[in-house]
Visitor: 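What follows is a single structure, and I will ask about it in a moment.
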Amino acid sequence: MLSAGLAELFGLERAFWLDVVVIMIWGAIFGFSVYSGLEKGIKVLSDINLWLIAFILAFTFLFGPTIFILDTFTNSIGLLIQNFVEMSFYVDPITKADNFITAAGEGKSYVDSGGTFPEWWTIFYWAWWIAYAPFMGLFVAWISRGRTIRELIAAEIVGGSLGCWIFFAILGNTSMFFQLEGTLDLSQMVSDGLAPEAIVATVVAVGDRVLPLGVPLLAVFVVLAFIFGATTMDSSAYTLSSVATEEQGEVVEPARWHRFFWAIMLAVVSLSLMFAGGKDSLKALQSASVVVALPLMVVLVLMTLSFMRWLKEDFPDAGRRKNITIDPSETAAE
């Protein structure tokens, strides 16, 4: 997506070398921020993120199809409540079986048949977050030192979910409106494997609805996407360096060189996947995420039970308290 955005901004052709440049810039940003630490690096980027995404969403909501966004969002909430259980477990087994039979008849593997949308959206999506949970949980616990459990739950589950709802409600429904209006044929672009270009086209179309502001708005969006990716990898590098640092009995940030080392390693992994085969390697990575997530489900259950046991042992009257403040250093010591 970043390559597509830069190609549109500077009139370039999207190519492999541009993807490499994107990863190098991206690696430099999150390498510098994670080296600077939580307060001077990661926190600054996160604050910039917040203001930029608020600006883009507000601009799109005010100057985009506002009524359509509100109506569709309201309708979507009802559909979610009505179909939540079915959608959470729906994997389209009949279509998957047909695809498998067709692929086998052509001498191909099921992977070559492409699978189905529910297969990747349902299974891969929840598997991805299960695989993502341990290191992200450690990072959230670290930056939330001194907060209560209630505050942590409200920020991560309630606040995070609302943020996703607003993001998809505004940008997703705007894309749908452009498709229905005939302004853009986004579905065809996605079918042709041009999903990043479809996102870029949507942002440009939003800016051009008022004045010729498509390119400036796209520039802001590209900067936002760079920083969003950087902050995500910041948390990864920070958590990896924390776990790999010997416990000293006090809460201190991992060494700067250690944090920077893992930032560079993550950038190297991204480049390696591109050189190894691009999209095919990413498909293999998606499959690996699903495989890793299955046994990790057992680990997460054990972690939950251990956490409840720790609460009962250290806070026997927790049920009668209004707030419990958790220090991640004490949790690690346990």
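Just so it is clear, the values below take in all heavy atoms, side chains as well, and ignore hydrogens, waters and symmetry mates.
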Visitor: Apply the test side-chain contact (heavy atoms from CB on, under 4.5 Å) to residues Phe228 and Leu52: give CA-CA distance (whole Å), side-chain angles for both, the deciding distance (0.1 Å), then the verdict.
Guide: CA-CA 10 Å; Phe228 255 126; Leu52 288 181; over 6 Å; no
Visitor: Which residues, ordered by chain and number, are linked to Val298 in its hydrophobic cluster, where ILVMFWY side chains connect at heavy-atom gaps below 4.5 Å, directly or through other members?
Guide: Leu302
Visitor: Yes or no on side-chain contact (heavy atoms from CB on, under 4.5 Å) for Phe307 and Ile149, after CA distance, side-chain angles and deciding distance?
Guide: CA-CA 12 Å; Phe307 180 69; Ile149 295 179; 4.0 Å; yes
Visitor: Under a 4.5 Å side-chain heavy-atom rule over Ile, Leu, Val, Met, Phe, Trp and Tyr, are Ile166 and Ile77 clustered together?
Guide: no
Visitor: Which heavy atom of Leu213 sits nearest to which heavy atom of Asp208, and what is that distance?
Guide: N-OD1, 3.5 Å
Visitor: Is a side-chain donor or acceptor of Glu151 paired with a backbone partner of Thr148 at a separation under 3.5 angstrom?
Guide: yes
Visitor: Taking all non-hydrogen atoms of both residues, which atom of Ala198 and which atom of Val190 are closest, and how far apart?
Guide: CB-CG2, 4.3 Å
Visitor: Same cluster or not: Phe167 versus Leu80, using hydrophobic residues (I, L, V, M, F, W, Y) connected whenever any side-chain heavy atoms lie under 4.5 Å apart?
Guide: no
Visitor: Got a sec, which residues hit side chain to side chain donor-acceptor pair (under 3.5 Å) with Asn49, two or more places apart in sequence or on another chain?
Guide: Thr231
Visitor: Donor-acceptor pairs are to be reported for all side-chain atoms of residues 55-73 against protein atoms at under 3.5 Å, with residues two or more places apart or in another chain.
Guide:
from, atom 1, to, atom 2, distance (Å)
Thr60, OG1, Ile56, O, 2.8
Thr66, OG1, Phe61, O, 2.4
Thr66, OG1, Gly64, O, 3.4
Thr72, OG1, Phe68, O, 2.7

Visitor: Report yes or no: do Ile153 and Leu305 belong to one cluster of Ile/Leu/Val/Met/Phe/Trp/Tyr joined by side chain heavy-atom distances under 4.5 Å?
Guide: no
Visitor: Roughly how far apart are Leu186 CG and Leu194 CG, rounded to 0.5 Å?
Guide: 11.0 Å
Visitor: Are Val301 and Leu311 linked, directly or through intermediate hydrophobic residues, by side-chain heavy-atom contacts shorter than 4.5 Å (ILVMFWY only)?
Guide: no
Visitor: Nearest 0.5 Å, please: how far is CZ in Phe178 from OG1 in Thr174?
Guide: 6.0 Å
Visitor: Excluding sequence neighbours, so at least two apart, what forms side-chain contact (heavy atoms from CB on, under 4.5 Å) with Leu50?
Guide: none
Visitor: Can you name the residues that form a salt bridge (Lys or Arg N to Asp or Glu O under 4.0 Å) with Glu181, not counting sequence neighbours?
Guide: Arg209
Visitor: Nearest 0.5 Å, what's the CZ-CZ distance between Phe226 and Phe221?
Guide: 12.0 Å
Visitor: Does anything in residues 185-204 pair up under side-chain hydrogen bond (donor to acceptor under 3.5 Å, both in side chains), and if so which pairs, sequence neighbours excluded?
Guide: Arg14-Glu197, Ser175-Thr202, Gln179-Asp185, Gln179-Ser187, Asp185-Ser187, Gln188-Asp192
Visitor: Verify the cluster assignment for Leu79 and Phe168: are they in a single hydrophobic cluster under the rule of side-chain heavy atoms below 4.5 Å apart?
Guide: no
Visitor: Kindly give the heavy-atom pair with the smallest separation between Leu217 and Gly207, and that separation in Å.
Guide: CD2-N, 3.7 Å
Visitor: Taking atom CE of Met87 as the centre, does the number of heavy atoms from other residues, nucleotides or ligands within less than 6.0 Å exceed 12?
Guide: no
